[in-house]
Amino acid sequence: MKSFQERVLKDFDVKQEVQKNGHIKNVYVYVGKYASWGKEGEELSRYKRIHLWGGILMVICLVWAAFQKIPMNAFNWTGALTLLSFAALLAFGMGIIQFVCSKERLYVRDCKIIRELVLWGGMIYFLLQLADVIAGTVYLIRNESSVLSVITVLAYALSAFLAFVIFMVQKKLGYRELEAVCSREGK
């Protein structure tokens, strides 16, 4: 089994350069393949805006709903699912931020990592929020429900819906591998 360093550095060549003061410096030159997102130009910008604004709205809905002082949020199931949702949101948010800040051409490895964070993090977050909505609905049916409790469940549902939309947009977007710009022989 290859070590972590071998897996990460497999697409890099190490060249040694002599600096002005006589010290030798290792310079890592990327020689692997590049990737690009499945869309280009204005269409890619539209996809990034969907990710950005959907993510911001999703976080606002979750934070607002989670910090309401209502008995439903203190219920074991909804409270636990909300805490787990925050953990999934961390990974999902990291993927969204990396995607929005990414350039049109990036390393294949980075493209796969961003895509996996958005897809897996988004689906896990969606499922946790869906379970939170179901648990909140069951709580509302069994106990007295206030208008604020119903709005809170709807905010959880909107957050889940936005996560699903971002998941589907990322799945539709895809990526493609580009031809290598330079080879190991330096051509």
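Computed from a predicted model, the values in this text were never measured in an experiment.
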TODO: Mind telling me whether Tyr28 and Phe12 have parallel, tilted or perpendicular rings, with 30° and 60° as the class edges?
DONE: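 The arrangement is perpendicular - the two ring planes meet at more than 60°.
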
TODO: Look only at the side chain of Ser45 and the backbone of Gly41, and say whether a donor-acceptor pair between them is shorter than 3.5 Å.
DONE: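 Yes, the answer is positive, given that a donor and an acceptor are paired below the 3.5 Å cut-off.
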
Supply the atom-to-atom distance [X] [atom1] to [Y] [atom2], rounded to the nearest 0.5 angstrom.
X      : Y      : atom1 : atom2 : result
Lys103 : Asp110 : NZ    : CG    : 11.5 Å
Ile60  : Ile56  : CD1   : CD1   : 7.0 Å
Lys172 : Ile50  : NZ    : CD1   : 8.5 Å
Met123 : Leu128 : CE    : CG    : 11.5 Å
Leu119 : Phe92  : CG    : CZ    : 9.0 Å
Tyr156 : Leu81  : OH    : CG    : 9.5 Å

Answer yes if [X] and [Y] sit in the same cluster of Ile, Leu, Val, Met, Phe, Trp and Tyr residues linked by side chain heavy atoms under 4.5 Å apart, and no otherwise.
X      : Y      : value
Ile113 : Val108 : no
Leu130 : Leu84  : no
Met72  : Leu154 : yes
Ile97  : Leu57  : no
Leu148 : Leu158 : yes

Any heavy-atom pair between the side chains of [Y] and [X] that's under 4.5 Å?
X      : Y      : value
Ser102 : Lys48  : yes
Arg115 : Gln170 : yes
Met58  : Phe161 : no

Closest heavy-atom contact between [X] and [Y]?
X      : Y      : result
Gln68  : Thr152 : CG-OG1, 3.7 Å
Ala35  : Tyr175 : CB-CD1, 4.0 Å
Gly55  : Ile166 : N-CD1, 3.5 Å
Ile96  : Val118 : N-CG2, 3.8 Å
Leu62  : Ser159 : CB-OG, 4.0 Å
Leu117 : Gly95  : CB-CA, 3.7 Å

Task: Ring centres under 6.0 angstrom apart (Phe126, Phe167) - done: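 Ring centres of Phe167 and Phe126 not closer than 6.0 Å.
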
Open item on the list: Could you check whether Trp77 and Tyr139 have their ring centres less than 6.0 Å apart?
Closed with: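 Ring centroids of Tyr139 and Trp77 are no less than 6.0 Å from each other.
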
Task: Tyr107/Lys33 under side-chain contact (heavy atoms from CB on, under 4.5 Å): CA gap, chis, key distance, verdict - done: CA-CA 7 Å; Tyr107 301 153; Lys33 289 187 176 181; over 6 Å; no

TODO: For the pair Glu42 and Arg49, find out whether any cationic side-chain nitrogen is under 4.0 Å from an anionic carboxylate oxygen.
DONE: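 Yes.
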
Task: Pair Arg176 + Glu40: basic N to acidic O under 4.0 Å - done: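 Counted as a salt bridge, because a side-chain N and a carboxylate O are separated by less than 4.0 Å.
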
Task: Flag for Ser36-Glu104: side-chain donor and acceptor within less than 3.5 Å - done: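 Judged by distance alone, the side chains do not pair up.
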
Task: Of Asn73, Thr82, Thr78, the residue whose pairing with Asp132 passes side chain to side chain donor-acceptor pair (under 3.5 Å) - done: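 Passing option: Thr82.
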
Open item on the list: Pair Phe99, Trp37 - check ring-ring contact (aromatic ring centres under 6.0 Å, His included), show working.
Closed with: CA-CA 10 Å; Phe99 171 69; Trp37 297 110; 4.9 Å; yes

- [ ] Give the C-alpha distance, both sets of side-chain angles, the deciding distance and a yes or no for side-chain contact (heavy atoms from CB on, under 4.5 Å) between Leu89 and Val59.
- [x] CA-CA 8 Å; Leu89 182 64; Val59 169; 3.9 Å; yes

Open item on the list: Using a 6.0 Å cut-off, check whether atom CH2 of Trp53 has over 12 heavy atoms from anything other than its own residue.
Closed with: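 No, because the 6.0 Å sphere around CH2 of Trp53 holds 12 heavy atoms or fewer from other groups.
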
- [ ] Check the pair Ile24, Gln19 against side-chain contact (heavy atoms from CB on, under 4.5 Å), reporting the backbone distance first and the verdict last.
- [x] CA-CA 6 Å; Ile24 297 175; Gln19 294 180 323; over 6 Å; no

TODO: Show your reasoning for whether side-chain contact (heavy atoms from CB on, under 4.5 Å) applies to Ile151 and Trp64.
DONE: CA-CA 10 Å; Ile151 293 172; Trp64 180 84; 3.5 Å; yes

